[in-house]
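Remarks on the structure that follows.
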Amino acid sequence: MKKKILSSFLVSLFMLFGSFASAQTIKLGILEDQTGNFAIAVVPKIHAYEMAVKEINAKGGVLGRKLEIVRYDTQSDNTRFQEFARRLIEKDKVDVIFGAFSSASREAIRPIIDKARMLYFYNNQYEGGVCDANVFVTGAVPEQQFSTLVPWMMEKYGKKVYTIAADYNFGQISAEWVRNIVKQNGGTMVGEEFIPLDVSQFSQTIQKIQAAKPDVLMTLLVGAKQASFYEQQAAAGLKIPMATSVNVGQAYEHKRFKPPALENMYVTVNYIEEVHDVIKSGEFHDKSKDFMKRFKALYPKEPYVNMEAANAYNAINLYVKGVAKAGSTDKVKVRRALETGISFDGPSGVVKIDPKSHHGSHNIFLVRVAKDHKVEIPKVWKDIQPYWLGQAGCDLTKKDDFSQYTPSKPPTK
Amino acid sequence: MIILFNLFYQFGDALSFLLLAAIGLAVIFGMMKIINLAHGEFITIGAYGTVVSAKILKLPLPIAMAVGVLVTVIFGYILERIIIRHLYGRPLDSVVATWGISLIVSQSFLVIFGPSFEGLQTPLSNFQLGAYSYSQYRLLLILISISILILLYILFLKSNFGTLARATIENPKIASTLGVKVDKVYTVTFCIGSALAGLTGAIYAPTMTIVPSIGQAFIVSAFVTVVTAGASPFIGLIPAASFLSLIQTSVTFYYHATIGVLALLFSVILIIRFLPKGFSGLLIKLKK
Amino acid sequence: MLKKDNIFTISVFIVLLIIPILFDDFYINNISYFMIWTFISLGLALIWGMGGILSFGQTAFFGLAGYSFAIISINFSDIYAVGIWSPILALAITAIFGAIVGYFLFYGGIYDVFIGIVTLAITLVLETFMAQTAGPEWTVGNARLNGFNGMQGMPPIGIKIGEYKFDLQGIGQYYFIVFLAMFLLWLLYKIKKSNFGLILLASKEDRTRVESLGHNVKKIQMITFSLSALLAGVSGILYTNWGGYITPSSMGLIASAMPVIWVAASGKNDFFSVFFGCILLVYISQTLAVNGAQYAIILMGLILVIVTRYFPEGIILMLKKLLTNKFLSKK
Amino acid sequence: MKNQILKIESISAGYETAIVVNSFSYSINQGEILAITGRNGVGKTTLLRAIMGIIPIKSGNLLFNDENITKKTSSERSMLGMSYVPQGREIFTSLSVEENILLPILVRNKVNLKDKLNEIYKFFPILEEKKKSPGGSLSGGQQQQLAIARALVSNPKVILLDEPSEGIQPSIVKFIGEIVQKISTTLKTTFIIVEQNISFISQLNTDCLVVDKGRILSKISSSELRDVEKARKLLSLES
């Protein structure tokens, strides 16, 4: 009898030990702005990470290991990003880092990530051009958003384009893309104005736009202060079709602003929660509906599921596929596995990693905001590649690089 | 003609923004030498008070605005009683305390109301003049800002309360020996400053995105205007705001907004360099 | 020699010196990070606590030094050849700029809160300007200023002693900062006790009186201002070196308020209190952000309000005095 | 026994850690003029400031009309009927002369402002001439008159005067002395005057306390004071 107890004790101890060894989790570090200026667009992202992890763990994880999130609130503050990136790497010893909303916060942690050879997923729409051996990008880039949007707008409304853009990297580089595409398509820029992030009053800008009489107004504005432009242009009766790559798909301005502030605004997104409401059947309808059903089951109070939430969800799944393929969480092995062109069939269809630039391909939806702020989708472009960096000379499969490039300052070949 | 009106509108719009941004701060800083870093949050309270009472209590806009102002005054009153009154005579320490208050308020708004709140529509309509169209409400703002300033001028320079307030500000100890209840004068003055900040928030609420950081859009303009106005803000505020908005609008007109902002900041540096006591100092000198 | 006043300073430094023996990389780097901010605070304590002049724009010098350092290091790829000269050159630029601003302020007859706003305007001009330098035309030699996204890719400070080379990172960086802090604290105490310091302290009480005694107060204030700019520059360079990154937002409104808060809350009249208080406050703020989620900022705000309300001298200075008195009475 | 308007019972007061006024006791009758003199820094001004409530009384009691006012604020003491003319006048430079005078009335029950002003202008005709000018534009003597007028307008029972003759030309000093005497006799107002100018003191019909180290050193009677030379000798001997 005693013997039996002892042996069962030993067995259970052994099992405990064994299970402990195999249950060593894969640690995913997440740095997102739960508070501060960007919180509006970021909270759905955080939930999407959590949802992806829950789903994967429910299926038993990967390589027999569960995923575990280590998350810090970076408070929309670049210095917090730096502090916590180091904390994740040096203290929590995570296997991969996801996160950052603004480009500045991404750039704040990239030196730390590169030095530690950490694997990092940036899951946000941005100005493009990051060619970094350790960085993967699941958000949309200008060649995906503007190469589709701008020619379409010019065809529909006319060839005179006016750009107002936030006066920092995103706005300036995006404006450069718009300028180039307008020229390539035989249009003219009738005006271009850059506006500091702190400006919230736009009377003068509105008058300048009216003086130039454009057919299309590109509004590459960022942040809550600049978003006041929309109410002010509506109050002044500007009535010029607007196009952008940022609004609606991130901070769901069409839900937050009083109609008709965003009337006749066009946006290219790689996902928004309305996809399955607007597109009544087919692949996109089914995938989006399924995703939203699962999302709302977990987070019924979520105000909006934006494109960055989809990107965050895709990022975790892509990473896990990379780990599965590599058979390890070794950072170099996972990177090489991801560079084989891994793809994931997500909320808006297949996202495939471009091996050269580490960016993802996307299906792009053209969204129009109607007078009552209901959303229409006049067009979908399928499988748009992040082609620019690869063409410009970034090939991370052959040569490591740690830079960000722009169309006017491409990689030196 | 249209161009002239256009310039007037642009200038007036910039002017009223500077005036309204600065006015509450001008009272609190100019009269009490408290550097209120929470000024932006007072504006936020006014804006949220207005929007919440218009959206949830379904009050008509003017009444909702009054509620916004009232809420800000109550907040200002409580704050003055429990914290600010211990900071009189320590203007530089007030920086730290009011910064703390600003953190508490803006973050509390985020916790309570979430990152964003559906805004209001700008009241009134717009009108067309040649190629340009204008918002009537913004035209009204110009009038409102100037009339508030005139009322304030009367209150502080012509009324009995104004005499008490100016005496208290100049020399609280002596005012007290003459029977003035210095505490009360401070409280009332602080409440007036709060009310004006709240009013700014209420007035601009229908034209801006309603987020917990809404008030921060005003704060740099406010400080810059108050300081160039100088030690006696009621005299200096209009010339300072006019000068600064003239610089900003004309530079923005010829170049673009970034250069406009840089020009504004640069002219502040130069104004203070050559008029160390601001515009009011210059005016007082000229009068003599 | 061992005065009662020094007991805390010495014990804190002893703790700082043995920390790397007890803790791993993360703590070493994190405490280095906390200490980085002490220099800008000490600079402010010098000009504000001793000189009675509140500068709201110390971050202008922080940023200027950080950017100068970044530009110089990127342009000289052999970091060991440039070595310590790249930060020294950056500091010289900062100190000269500080002297120019100081000349502009004090010889221009600007005083009180006006100084605060002028320096704030200067830092905001720098921030706004740097934020829009994203375009390719904004390069200095090989270094792209890179706008709002900030500059990165600068090598760390490289030190070469004979054949031995090392980067100013990790534990080397840690000890460098500790020794630098010890040296600068000692220097600041010397300044405080010097004739120069006495005149400065007196000018805080009554400027015209000191002037009538024949001292050139304007010049003294200008030199002090330049010194405080230099100290802010030390922080800027160390920060850039620590994270390999410098951004315009480090010169913004929020960033510029932080040193003022650290200094006021710690006790602006005592350099050691500022040094220790600054470390403590950055640590508290980080810890709150790690644990408190959305209530972290509210708590930080409450701490600041309570400190100013109940500890007008600064909480660290009050604690130091309290402990010193107890210490003494027991002996 | 006359009505004792102000009883100072062993008061101590000072700044931070330094005690400047040390267990000072004295009682003053209604309508009496009391002069206090002594070298610089012996606590004369501090005593007045403690009586007026500008600085707190650390120990002892202060009775006004038999009411204990030790803990009252200076504003409350003013309302009870005390007035203060500080050293260096400290008039409000940014307020007009008339606003300066009216200030104490604005915080009191309604009085006919015009009558009150005319009453004051009768004492100080120069102030009527300058009534619209800012206080800061007045000369030293005019400022002193304004400060006295401002103290007088609230019909106080006690007026504390701190160095009224300091930095003022002799003719005005004399004028002020006459006014003090006149007010004291017509309105039965009590005066406590801190003064180092002996000829000014001797001009008044008053006893004089000599103070040193925050205590009363001696008391010189009004009759002894009338002989200026003798008084000067007494005072210089003692100080």
Side-chain angles (χ1 to χ4, degrees), chain B residues 26-27 29-33 85-86 88-90 152-189 229-237 277-278 280-288, chain D residues 48-55 72-110 113 133-137 143 146-156 158-162:
Chain B
V27 170
F29 171 69
M31 300 299 283
M32 329 179 59
K33 302 294 171 229
R85 64 174 37 206
H86 303 284
Y88 295 132
R90 299 198 275 144
L152 208 62
Y153 179 85
I154 295 171
L155 176 66
F156 278 100
L157 294 182
K158 301 287 166 204
S159 77
N160 286 349
F161 170 74
T163 311
L164 294 183
R166 280 179 296 131
T168 305
I169 273 62
E170 189 181 326
N171 194 338
K173 281 184 180 154
I174 297 303
S176 177
T177 66
L178 298 168
V180 178
K181 288 195 179 60
V182 170
D183 285 9
K184 258 193 187 155
V185 174
Y186 278 143
T187 309
V188 173
T189 312
S232 177
F234 303 111
I235 308 171
L237 211 50
K277 286 186 174 145
S280 66
L282 176 74
L283 288 178
I284 290 168
K285 219 184 196 173
L286 287 179
K287 221 172 145 189
K288 284 179 183 169
Chain D
L48 283 198
R49 298 176 123 222
I51 294 172
M52 195 60 218
I54 295 171
I55 56 168
K72 289 205 184 310
T73 65
S74 45
S75 165
E76 286 163 336
R77 296 183 200 193
S78 164
M79 291 312 231
L80 286 173
M82 287 170 73
S83 250
Y84 177 52
V85 179
Q87 190 176 22
R89 278 81 71 176
E90 304 209 38
I91 55 149
F92 300 105
T93 52
S94 62
L95 270 56
S96 72
V97 168
E98 194 161 281
E99 283 172 332
N100 262 289
I101 299 172
L102 286 178
L103 194 70
I105 310 182
L106 295 179
V107 292
R108 288 176 164 78
N109 288 335
K110 285 211 175 88
L113 295 181
S133 323
S137 70
Q143 288 194 1
L146 177 56
I148 294 171
R150 186 179 64 179
L152 205 56
V153 75
S154 52
N155 287 337
V158 174
I159 297 183
L160 313 174
L161 268 172
D162 196 353

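A, B, ... follow the sequence lines: proteins, then strands. Residue 1 opens every chain.
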Checklist entry - Side chain, backbone, both or neither: which part of D:Ile91 has a non-hydrogen atom closer than 4.5 Å to chain B? => result backbone
Checklist entry - At their closest point, which heavy atom of B:Glu170 faces which heavy atom of D:Leu95, and how far apart are they? => result OE1-N, 4.4 Å
Item to check | Contacting moiety of D:Leu106, where chain B heavy atoms sit under 4.5 Å | outcome: side chain
Item to check | Segment of D:Ser154 engaging chain B (4.5 angstrom heavy-atom cut-off) | outcome: neither
List, one per line, each side-chain donor-acceptor pair under 3.5 Å for residues 173-181 of chain B, sequence neighbours excluded.
unit_1, atom_1, unit_2, atom_2, d
B:Ser176, OG, D:Ser74, OG, 2.5
B:Ser176, OG, D:Ser75, N, 3.2
B:Thr177, OG1, B:Ile174, O, 2.6

Next on the checklist: Does any backbone or side-chain atom of D:Arg108 lie under 4.5 Å from a heavy atom of chain B? Answer side chain, backbone, both or neither.
Outcome noted: side chain
Item to check | Step-by-step side chain to side chain contact (heavy atoms under 4.5 Å, CB included) determination, D:Leu102 to B:Thr163 | outcome: CA-CA 9 Å; D:Leu102 286 178; B:Thr163 311; over 6 Å; no
List, one per line, each side-chain donor-acceptor pair under 3.5 Å for residues 153-161 of chain B, sequence neighbours excluded.
unit_1, atom_1, unit_2, atom_2, d
B:Ser159, OG, B:Leu155, O, 2.5
B:Ser159, OG, B:Phe161, N, 3.4
B:Ser159, OG, B:Gly162, N, 3.0

Checklist entry - So what's closer than 4.5 Å to chain B heavy atoms on D:Ser137: side chain, backbone, both or neither? => result neither
